[in-house]
Amino acid sequence: MLQISDRIRIIQGDIVKMEVDAIVNAANPTLLGGGGVDGAIHRAAGPGLLEECKGLKGCATGEAKITKGYLLPAKWVIHTVGPVWQGGQKGEDNLLASCYRKSLELAREYEVRTIAFPAISTGAYNFPSERAARIAVSEIKKFIQENQLPEKVFLICFNEETCRHLKAALSESFVV
Ligand code: AR6
């Protein structure tokens with residue numbers, strides 16, 4: 001059995017290349033594609049993904065839905081909709097935490113052993129990166145402490161700043 005600290009890994013790179021059971025998409029409520037990581041995932045997965053997404057009838061902020069991965073190395077894509085940052089008084093923290101929790105619950109339901117998350121809401125949706133990193137790490141840590149699956153969670157950073165914030169949040173969380 002892996003230690004909790006061995007079950008969370010930070011990796012710099014492109015999430016679409018991850019050879020994991022599931023990758024998480026930072027989507028919008030239509031689930032019909034967009035820019036950023038959403039655009040990259042749809043391009044790499046091919047048109048089958050959009051076809052399946054059309055049948056999902058959207059997704060509320062803080063919720064998550066699952067589809068197949070089509071041409072991606074990942075078997076599944078878990079689409080979650082992060083909050084748009086509006087200054088922090090509109091429930092953004094709880095909604096972001098909910099994205100991680102609901103995605104992990106779906107992953108557990110589908111017996112996902114390995115999963116990769118992007119830094120949800122920290123691009124087009126403007127959520128402050130350091131604050132988002134703390135929420136991501138604490139929600140993931142809480143979930144894996146209480147659950148066997150997923151066994152391993154990868155946090156993918158696309159830029160140096162995100163990496164720095166995630167690493168700081170992770171090491172802070174393991175200081176006793
Ligand atoms: N792999 C990993 N991370 C990535 C990749 C990639 N290929 N591409 C971007 N990122 P964003 P949001 C990082 O804007 O803020 C879309 O149009 C990026 O550097 O993709 O939740 C949707 O349709 C940033 O750190 O998602 C929505 O309309 C993080 O992923 C809206 O953007 C999230 O940036 C969602 O905005």
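Just so you know, ligand 1 is whichever comes first in the structure, and atom 1 is the first atom listed for that ligand. In this chain, numbering begins with 1 at the start of the sequence shown. Computed from a prediction, not measured in an experiment: that's the story for all the values here.
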Please report, to 0.1 Å, the donor-acceptor pairs under 3.5 Å made by any side chain of residues 64-75, with sequence neighbours excluded.
{"unit_1": "Lys65", "atom_1": "NZ", "unit_2": "Leu56", "atom_2": "O", "d": "2.8"}
{"unit_1": "Lys65", "atom_1": "NZ", "unit_2": "Gly58", "atom_2": "O", "d": "2.6"}
{"unit_1": "Thr67", "atom_1": "OG1", "unit_2": "His79", "atom_2": "NE2", "d": "2.9"}
{"unit_1": "Tyr70", "atom_1": "OH", "unit_2": "Glu52", "atom_2": "OE1", "d": "2.6"}

Would you mind checking which non-hydrogen protein atom is closest to [atom], with the distance to 0.1 Å?
| atom | result |
| --- | --- |
| atom 26 (O) of ligand 1 | Ala26 CB, 3.7 Å |
| atom 1 (N) of ligand 1 | Ile15 N, 3.0 Å |
| atom 15 (O) of ligand 1 | Gly123 N, 2.8 Å |
| atom 20 (O) of ligand 1 | Val37 N, 2.8 Å |
| atom 13 (C) of ligand 1 | Phe158 CB, 3.8 Å |

Got a second to check how far [X]'s [atom1] is from [Y]'s [atom2], nearest 0.5 Å?
| X | Y | atom1 | atom2 | result |
| --- | --- | --- | --- | --- |
| Lys152 | Asp6 | NZ | CG | 6.5 Å |
| Trp76 | Asn25 | CH2 | CG | 16.0 Å |
| Ile156 | Ile10 | CD1 | CD1 | 10.0 Å |
| Phe143 | Leu149 | CZ | CG | 8.5 Å |

Show which atoms of ligand 1 fall inside a sub-4.0 Å distance from at least one heavy-atom site of [X].
| X | result |
| --- | --- |
| Asp14 | 1 (N), 6 (C), 7 (N) |
| Asp38 | 22 (C), 23 (O) |
| Ala119 | 25 (O), 29 (C), 33 (C) |
| Thr122 | 15 (O), 24 (C), 25 (O), 29 (C) |
| Asn159 | 19 (O) |

Could you work out, for [atom], the closest of [options] by heavy-atom distance?
| atom | options | value |
| --- | --- | --- |
| atom 36 (O) of ligand 1 | Trp85, Tyr125, Phe117 | Tyr125 |
| atom 21 (O) of ligand 1 | Ser121, Gly82, Ala44 | Ser121 |
| atom 16 (C) of ligand 1 | Ala27, Gly35, Gly36, Ala124 | Gly35 |

### Query
Is any side-chain N of the basic residue among Lys142 and Glu146 closer than 4.0 Å to the acidic one's carboxylate O?
no
### Message
If the threshold is 4.0 Å, N to carboxylate O, is there a salt bridge linking Glu51 and Lys54?
### Response
yes
### Query
Are Met18 and Ile144 connected in the hydrophobic side-chain network, where two residues link if heavy atoms are under 4.5 Å apart?
no
### Message
Taking a cutoff of less than 4.0 Å between a non-hydrogen atom of the residue and any ligand atom, is Val16 in contact with ligand 1?
### Response
no
### Task
Please name all residues satisfying side chain to side chain donor-acceptor pair (under 3.5 Å) with Arg164, sequence neighbours left out, ordered by chain then number.
none
